[in-house]
Amino acid sequence: MKQINAMDNSISFLLLESIYFPVFSIFLNLLLLLIMSGSWVCKKRVAGENSNGFTNERVKNMSLTYNKLVVICCGTLSALYSVLLLLSCFHLHTNGWDLSELMNLLDLLFAALSWGAISLYLRGLSSDSQDQKFPFLLRVWWVFYLMVSCYRLLVDIDVYKKHKLESVHLLLSDVVAISVGLFLCYSCLQKQGEGERINQLEEPLLNGAESSVATSVQYKAEGDDEVVTPFSNAGFLSHVSFSWMSSLIALGNEKIIDSKDVPQVDSSDRAEKLFWIFRSKLDWDDGERRITSFKLIKALFFSVWRDIVLSTLFAFVYTVSCYVAPYLMDTFVQYLNGNRQYSNEGFVLVTTFFVAKLVECQARRNWYFRLQKAGISMRSVLVSMIYEKGLTLPCHSKQGHTTGEIINLMTVDAERISAFSWYMHDPWILVLQISLALVILYRSLGLGSIAAFAATFLVMLGNFPLAKLEENFQGNLMEAKDNRMKKTSEVLLNMRILKLQGWEMKFLSKILDFRRIEASWLKKFVYNSAAISSVLWAAPSFVSATAFGACMLLKIPLESGKILAALATFRILQTPIYKLPDTISMIVQTKVSLDRIASFLCLDDLQQDVVERLPSGSSKMDVEVSNGAFSWDESSPIPTLRDISFKIPHGKNIAICGTVGSGKSSLLSSILGEVPKVSGDLKVCGRKAYIAQSPWIQSGKVEENILFGKPMQREWYERVLEACSLNKDLEVLPFRDQTVIGERGINLSGGQKQRIQIARALYQDADIYLFDDPFSAVDAHTGSHLFKEVLQGLLRNKTVIYVTHQLEFLPEADLILVMKDGKITQAGKYNEILVSGTDFMELVGAHTDALAAVDSFEKRSDSAQSTTSKENKKSNDEEKLEEDLATSKGQLVQEEEREKGKVGFTVYQKYMALAYGGALVPIILVVQILFQILNIGSNYWMAWVTPVSKDVEPPVSGFTLILVYVLLAVASSFCILVRALLVAMTGFKMATELFTQMHLRIFRASMSFFDATPIGRILNRASTDQSAADLRLPGQFAYVAIAAINILGIIGVMVQVAWQVLIIFIPVVAACAWYRQYYISAARELARLAGISRSPLVQHFSETLSGISTIRSFDQESRFRSDIMRLSDCFSRLKFHSVGAMEWLCFRLELLSTIAFAFSLVIMVSAPEGLINPSFAGLAVTYALNLNSLQSTLIWTLCDLENKMISVERMLQYTNIPSEPPLVIESTRPEKSWPCRGEITISNLQVRYGPHLPMVLRGLTCTFPGGLKTGIVGRTGCGKSTLIQTLFRIVEPTAGEIRIDGINILTIGLHDLRSRLSIIPQDPTMFEGTVRSNLDPLEEYTDDQIWEALDKCQLGDEVRKKELKLDSTVSENGQNWSVGQRQLVCLGRVLLKRSKVLVLDEATASVDTATDNLIQETLRQHFSDCTVITIAHRISSIIDSDMVLLLDQGLIKEHDSPVRLLEDKSSSFSKLVAEYTASSDSRFKRSC
């Protein structure tokens, strides 16, 4: 003990008095802050002087793992001391203040400030990449801090032992401080080099990147200090050499480029500016507002005229410079033969060749760059124009152009017009080149050039029939693609219902049928293109043979110099002639695309004179209709709405009721101006807000959906959330109102979507509110709360027009409009119209009957009505969200997968193996090699047998000369035909197989994949990526082989003449390979980012088209237009810099090739006379003239091929999607009569949504007796939705089992299960087609059976009124049918199917009470012997169930008959019933 006390005394002796230590610490922290402030100011000044463009040095430095961790640690310490400061303040405020405690507070304050300053300092640190060490001052400070922290721990331990420590949290803070201090000291000792790359092997295969592309641009205003591309301010030399791209390419070699690293395009190239220029130049106000293809071309030209004019100039210079070498070829051969006109003539010729090639190189690269820049701008402006048209399309006009077709205009047609920029100048360049060629040929061959011209003309003339066929095939191909995309879009939107019904493979077969039609046209197209290609590839040989033959007939002597000049001319002419099929094809495709876009832009806009809009407060009447007649179909003799007249003063509540299909929603749409007006007057005074019957929710955060473009006003925002009962929902969400909602609100329940869109309308603070059946998707309590807090609360002084099927909300209305068959049959207050007609009495009678059914159960159980405690009033409709999201630690919608690094060899391997296992690839290569040998052989033959001058006798006769040349040319032409056909066959097979495999895996994917994947991503692969596989990739692979073999042939020819050229060729080839490797890292990521950035465009476009009525009702067109332009600019900047990177590479490669060419010429002119054969040397130069363009084009094509292979890579990703369990398991297939009783036995059922997530269902054990009706109720998150999804195996159980008639459903195939069960979902779904195809998509029933089902579901008379009866048209998503009618069609489906097990998931939410009663009666009649499981908000729908199952937190809380549960006044079910009758009956009794 004495030793211990002595040790304690020695420690105490070392400890400072409590007041001195904080003073010392304050002094040091203050000193550090002062030094850092001075250092920061100095660094700011230096950084301002040494700014180096757009490269973000901070990102470079922060790429170091240790730097990131150090910043986090410093920030954590700052936060820790801030928390301690607050705790100490609270403690001292409670217990009193003294001087020592005040010093401790100041110590904590300065410590928090110091560590916060260090954290900020490190984040803004800008150091040299070679010196990544932390500043010396910080390293000293960290070591000192560790020592002080250890000392402080000793002090606090001593104080704690003396029981003077106020709180143990000080000891914990000391331990944390020492731990952080140790890490900081360790990081000081780490050697930090130039930064570490991301290890590709340690990364997951699928990595997110879309957020970096889209999030940075979506729904955010661009900052004033955004970084603009260096191209805007680059000097002449930088433009010429494309050096303005060097910094980005260098960055790509240091790190994986992300979207934020790529600067914005110049303001003159932004979508908004280009759009308004385009609009001003588009002459469409010519009376009929007709837009033709010519007008589109003219407007596009004036939008990007500067780039087009510059590219024209460069193209002209390039074309002229190309013909300098052929013009001087004869002179060069004569020089080598010894005929020299002056001294140093050889070096003058070499210099002329070299300068001409340099000019050619410069002109070509700038020509291509300017063209592509123009193409990017044209695409941007066309996307904006198509989107603008989509914003003005009326619903009835859009029925002719579905969402899929309109998206195709944007993704395919606008892209094709952009790609046409490559071919824009080809027609006039061909004319110029032929003219220049004729001049040179006439100089060399005399009148023989006329024959060459005639042959060229014949070749071009012969292409016109093939071009006409190509135009026809292309038009049909695009139409077939439209039909496929339309069906694909619709199917993906409704995948959940397809899987529930077991229809997904049937709809896949429909899409494959559409693809077969498309593939038939694609096959004709590619084979026709192969024919055109083979004809034109053979053209140079045909033209040269004709010219040489004509010379022989005309007795014109053929000398090797003139022959080589002619061959050089033919070789240059070969390029535009080779490109002619592509040019013809591209012109045809572009014309088709222009016609399609023009016809779309010619569609009628929404009528602007439907509604006379008056400013707020300018009239006593907010809505006034006089003798109005409105019709969705203007050609229909009977308008949709007729004889409509009413006036609505400001601040009144107007209710609209009626049976299904009576025109209630159409009346609201007419007030919005969406329905064409036939006659009458309609005036609306003030701003409108609209709540659609089918909720429209944008992908994005909950907060963004509610604000809808307006700035945040926190107090009003909170009031809106409270009024819409959203606070409890937000508590459930993992990120509250910052949670990202999936596409179409996929991760929300129907009620939540409805309340979010009500909140969106409330937040706008409009003058007039239009509610289309807002209470159908919510339960009784929530509906009452919304009515009280919204309509009678926040909107009590607003004009509200609401459609409702819940008649308990009618007595509060100032005016009720009763509709039937498109007319207002009754109008007045509740008590007035109750006695003035029969239509309203029918509705009221149905509602009274429903309430009476509930009352009878209550009386039978002698249950008194009791009020429900607040804790039980939680909305049932919130369930799906809580089950799906409350347990999730991340956002549901994840970032789009993005491969990183080079496109793997396995991608190429898999792609090649798609066509006959890759067997045709070596055959294609052999045929191309054979062609090259024959082609070179024919030219060798001509150079060998023709004399160098007139004095030399030719070794063979003229007939033999031409005969051998023609035979070699014919053989080479045959090789071309075989190669073209094999390439077409292989490419077609690979594209077809890729399509089939990808779609099969998509359709076999589980619903979790569709919930987390926006449709835009899938459509992008099915349209843009598939188009690349169909049309682009086979040709590019072929050209790589052609160019590579051609280059090898050229090098072989040159080496044979003068082997010394290898001295320069080897280092040049090595330099080219290095440049490609240096370039590809940046280019690859730019191409990937550009591909990913298309998806947000498609998704935003698709969302806009589906919610266009809502957008227009809020007058939000301008904001959405800005959003699409911002997204378009994101794609443009990535594409622009991708193009810039390509030209950066090509310029350097061509420059190297030009140097090699010049060096080869120097070798030839320097060689002693007679050492080199002049004819063969001339032939080598003839081939070498194309070497630079071939070499750069090969590298370019290789890089572009890798970029295009990203499309295949993205499609192959979707061939690896995990599949659902098998559809059919032959060994365990149930009998056809299964299930015969419908008894469902659940044993210890446990379900979770992910392997690391909590259980949602926790051991359910119960039995649903066969033939009985069971209602499922419960609070939010209790597991109702999960139980139904598990029954259909949308979600697989973790443990336990479900047996139906004794068969474990986990042991049978999914189709055997789902096809034997029936469900009527909450969201009624109809598909484009006919009434018959919607009721019987599998084509299993006769027309009589279908008519019987229609009569049973009360739709028979409605369908008989239509001219085509069962073949009546159903538009996309059933838009020409009301929501209630769609729900009845769903009922018709189950009536046809007659399964023994039927599930009703809010099946009658969208119909009026009378129709609900009819449906319930129909179900009782036709499913009396079936097992019926019902989830419903209307208690009347489940009160007559045989059994009620009440779930609570994944467990069964109550399971008994309704009568027994109602007898127990304390049961949760009895409280639920009491609540429903309290909210519904009270209003009725007050009004009667």
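Counting begins at 1 with the first residue of the sequence.
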With sequence neighbours excluded, tell me which residues meet salt bridge (charged side-chain N to carboxylate O under 4.0 Å, His left out) with [X].
X	result
Glu490	Lys487
Lys989	Glu993
Arg1004	Glu1220
Glu479	none

Just so I know, are the side chains of [X] and [Y] near enough to count as touching, which here means a heavy-atom distance under 4.5 Å?
X	Y	value
Phe1288	Lys499	no
Leu498	Lys506	no
His1100	Asp1123	yes
Leu1212	Val1208	yes
Leu522	Leu1031	yes
Phe1136	Val262	no
His1137	Leu248	yes
His1311	Arg1316	no

Compare every heavy atom of [Y] with every heavy atom of [X], then report the nearest pair and how far apart it is.
X	Y	result
Tyr911	Ala1029	OH-O, 4.2 Å
Thr986	Leu920	OG1-CD1, 3.4 Å
Tyr1079	Ile249	CA-CG2, 4.2 Å
Phe988	Ala519	CE1-O, 3.3 Å
Val412	Met478	CG1-CE, 3.4 Å
Ser1006	Ser1008	OG-OG, 2.8 Å

Give, for atom [atom1] of [X] and atom [atom2] of [Y], the distance between the pair rounded to the nearest 0.5 Å.
X	Y	atom1	atom2	result
Leu1223	Phe1003	CG	CZ	12.5 Å
Thr1215	Leu1000	OG1	CG	10.5 Å
Ile1305	Arg1314	CD1	CZ	10.0 Å
Glu518	Asp482	CD	CG	9.5 Å
Ile256	Ser1081	CD1	OG	9.0 Å
Ile1124	Thr1104	CD1	OG1	6.0 Å

Salt bridge check, Arg516 against Asp513: does any charged N sit closer than 4.0 Å to a carboxylate O? yes

Between [X] and [Y] (side chain of the first, backbone of the second, donor and acceptor by atom type, cut-off under 3.5 Å), is there such a pair?
X	Y	result
Ser418	Ala414	no
Ser1333	Gly1329	no
Glu704	Lys701	yes
Ser1315	Gly502	no
Ser489	Met485	no

Going by atom type alone, with no hydrogens or angles, which donor-acceptor pairs under 3.5 Å involve a side-chain atom of residues 1033-1041 and a protein atom two or more places apart or on another chain?
| from | atom 1 | to | atom 2 | distance (Å) |
| --- | --- | --- | --- | --- |
| Gln1036 | NE2 | Asp1200 | OD2 | 2.5 |

Would you please test Gln1026 and Arg484 for side chain to side chain contact (heavy atoms under 4.5 Å, CB included) and show each step? CA-CA 12 Å; Gln1026 185 65 47; Arg484 172 176 64 81; 4.2 Å; yes

Would Leu492 and Ile1002 satisfy side chain to side chain contact (heavy atoms under 4.5 Å, CB included), going step by step from the backbone distance to the final call? CA-CA 10 Å; Leu492 292 175; Ile1002 288 172; 4.3 Å; yes

Got a sec: does the NZ of Lys524 have more than 12 other heavy atoms crowding it under 6.0 Å?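 Result for NZ/Lys524: enclosed.
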
Just checking Phe1327 against Phe507, ring centres under 6.0 Å apart? yes

With side chain to side chain contact (heavy atoms under 4.5 Å, CB included) as the criterion, how do Ile1290 and Leu500 come out once you've worked through the C-alpha distance, each side chain's angles and the decisive distance to 0.1 Å? CA-CA 8 Å; Ile1290 298 296; Leu500 285 169; 3.8 Å; yes

Give the intermediate values and the outcome of side chain to side chain contact (heavy atoms under 4.5 Å, CB included) for residues Glu1297 and Leu1245. CA-CA 6 Å; Glu1297 63 179 21; Leu1245 184 64; over 6 Å; no

With salt bridge (Lys or Arg N to Asp or Glu O under 4.0 Å) as the rule and sequence neighbours excluded, what pairs involving residues 1026-1036 come up?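 Checked against salt bridge (Lys or Arg N to Asp or Glu O under 4.0 Å) - neighbours excluded - the pairs reaching residues 1026-1036 are Lys481-Asp1030, Arg515-Asp1030.
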
Tell me whether the NZ or CZ atom of Arg1021 lies within the 45° cone about the ring axis of Tyr1214 and under 6.0 Å from its centre.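 Here Arg1021 passes the 6.0 Å and 45° test against Tyr1214.
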
